[in-house]
Q: 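Here you go, one structure.
Sequence lines set the chain letters: A, B, ... in the order given, protein chains first and strands last, and positions in each chain run from 1. Because the structure is predicted, anything quoted here is derived from the model rather than measured.
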Protein chains: 2
Amino acid sequence: MKILVIEDETKVGAFIKRGLEEHHHQVEVYADGIGGQQAALEHDYDLIILDLMLPGINGITLCRNLRALEVGTPILMLTALNATQDIVDGLNAGADDYLAKPFHFSELIARLQALSRRKNQFHQDQAILAFADLQLNTNTKMARRGGQDITLTAKEYALLELLLKNTGKVLSRALISEAVWGLEFDTGTNTIDVYVNYLRNKIEKGFSGEKLIHTVVGMGYVMKQK
Amino acid sequence: MKILVIEDETKVGAFIKRGLEEHHHQVEVYADGIGGQQAALEHDYDLIILDLMLPGINGITLCRNLRALEVGTPILMLTALNATQDIVDGLNAGADDYLAKPFHFSELIARLQALSRRKNQFHQDQAILAFADLQLNTNTKMARRGGQDITLTAKEYALLELLLKNTGKVLSRALISEAVWGLEFDTGTNTIDVYVNYLRNKIEKGFSGEKLIHTVVGMGYVMKQK
DNA sequence: ATATTACTATGAAAATATTGGTTATTGAGG
DNA sequence: CCTCAATAACCAATATTTTCATAGTAATAT
């Protein structure tokens, strides 16, 4: 996920950044509200972590501004302990959740996951990912081709979902490794190739439809037709 | 959605109506409580937006009346800023959420979405949830299969209800944990698995009907047939 | 000809199922 | 108000099942 952190205490900001990066997120930190607001408007983040105590602009105002400008990105507020009024104000200003400082990092991760889950639950418009005569139902986690249901394992599903969300784009092994296995390094193994093979056996072998997962030698794999 | 707005300030009423219509909702506005209450009883709305400061009848009274008359439609109160007592009274009278005036339109939209989400998840005022030959009576909290009554504990009931309200959808342990136990973090225990096992023993073991709760390894559990 | 990718079998590891026991909670009776 | 018993909730261990990662070989592309 791409995450924007607006936090003036540099130590706290660095702590959050480091921790989130260890969880394979992409993080940008702004120490002032003005810069943070600008960034939020210009880029498309998956989550904004916003300290309410900021120099320059009040966090609640910032939050309200973003919502007024139709920025729908989930916002997680950081508040001082027992700042009940801040919490109420913040939620009214359009924030989605809050976390009282000081907090354990695991709490932050938990909130973050809860938020993305909630968001995914609401965004049900993309329940089915389809390409050519292949469909992937993100609710049932089942694939379907030629009227036939196909059961996938967790890794197979993650891989197919990635391919279907990036049809026509060549995905490098490094990118696949990071997205599906959460690894940022090259393991030196052929695990990805093996899983591509598993997928091909399930969604291509025995089906009359054309080949969908194509190898680009030296580059990676693509989901495409022709 | 079909939305009823009860608001005496015509400017505010018009503002809400216009905004909601831009979001493709169907809106009716009543400027007085008596007319609004009448409308709420006669038509079937998806949401009622109710100003607490009304001429003729008090908003809280109106809210209480509707609930007494078995109108289950979600009610979103509009209150003056810092009218804490009103908020408490309103929620006690059966309102589902509140919004302090003045508010940004995006806040209203957010509340509305949150309410409809909550409603879909929890407020299915259908007394009996049924799937295949299994029934769950949400009033008596009893399950029934093959003409035989099954008593459930609180957690078992909550879990079964969740599954039945999301048949066909794979529910992750994280989601189940949040919905049934209210936890946003992973306790590191296998409590969910144990309760799935309890449920299976009660609703599957000893019944001729087919298996209904399916495990999807690495993903979670689903209620489905076949 | 060689680098790269495809395929396959297998043991290891992870995930899940099941069971037994411990701690909480509740409700009746003293 | 307390005690006790019954039930529910929870946890941890072990058993079982499924999935995964590896490595070796075959096939294919450049």
Q: Rounding to a whole Å, what distance do you find between B:N197:CG and D:dA9:P?
A: 15 Å

Q: Roughly, in whole Å, what's the span from OH in B:Y221 to P in D:dT18?
A: 13 Å

Q: Under a 4.5 Å cut-off applied to non-hydrogen side-chain atoms, are B:T167 and B:L129 in contact?
A: no

Q: May I ask you to say whether B:R67 pairs ionically with B:D96, meaning some side-chain N is under 4.0 Å from a carboxylate O?
A: yes

Q: Please state how far atom CD in A:E156 lies from atom P in D:dT18, giving the value in whole angstrom units.
A: 14 Å

Q: Provide, to the nearest angstrom, the distance between the OH atom belonging to B:Y157 and the P atom belonging to D:dT7.
A: 22 Å

Q: Return the 5'-most residue of the pair A:N190, B:M219 with respect to DNA chain C, ranking by each residue's nearest nucleotide.
A: A:N190

Q: Classify the side-chain pair A:E28/A:Y45 by whether it contains a donor and acceptor separated by less than 3.5 Å.
A: yes

Q: Which nucleotide in the set D:dC11, D:dC10, C:dA6 lies at the smallest distance from any side-chain heavy atom of B:T189?
A: D:dC11

Q: Checking contacts here: which listed nucleotide (C:dT5, D:dT22, C:dT16) is nearest the side-chain heavy atoms of A:V217?
A: C:dT5

Q: If you check the B:T153 side chain, which of C:dT4, D:dA9, D:dA21 turns out closest?
A: D:dA9

Q: May I ask you to evaluate whether A:R173 reaches the phosphate of C:dT4, defined as a side-chain N or O under 4.0 Å from OP1 or OP2?
A: no

Q: Can a side chain N or O of B:T215 be found less than 4.0 Å away from OP1 or OP2 on C:dA17?
A: yes

Q: Assess whether one donor atom and one acceptor atom, taken from the side chain of A:Y198 and the base of D:dA21, lie less than 3.5 Å apart.
A: yes

Q: If I take atom CG in residue B:N201 and atom C1' in nucleotide C:dG20, what distance separates them, rounded to the nearest angstrom?
A: 14 Å

Q: So do the side chains of B:R173 and B:Y221 get within less than 4.5 Å of each other, counting heavy atoms only?
A: yes

Q: Rounded to whole Å, how long is the line connecting atom CZ of A:R200 with atom C1' of D:dT28?
A: 12 Å

Q: With a 4.0 Å cut-off on heavy atoms, is A:V196 in touch with a base, just the backbone sugar-phosphate, or nothing at all?
A: nothing

Q: A:D193 near the nucleic acid: base, sugar-phosphate alone, or nothing, with a heavy-atom cut-off under 4.0 Å?
A: sugar-phosphate

Q: Between atom NZ in B:K205 and atom C1' in C:dA17, what is the gap in whole Å?
A: 10 Å

Q: Between B:R144 and B:D149, is the closest basic N to carboxylate O distance under 4.0 Å?
A: yes

Q: Expressed as a whole number of angstroms, how long is the span from A:E204:CD to C:dC7:P?
A: 9 Å

Q: Are A:W181 and D:dC20 close enough that a side-chain N or O sits under 4.0 Å from OP1 or OP2?
A: no

Q: Phosphate oxygens OP1/OP2 of C:dT8: is one of them under 4.0 Å from a side-chain N or O of A:Y195?
A: no

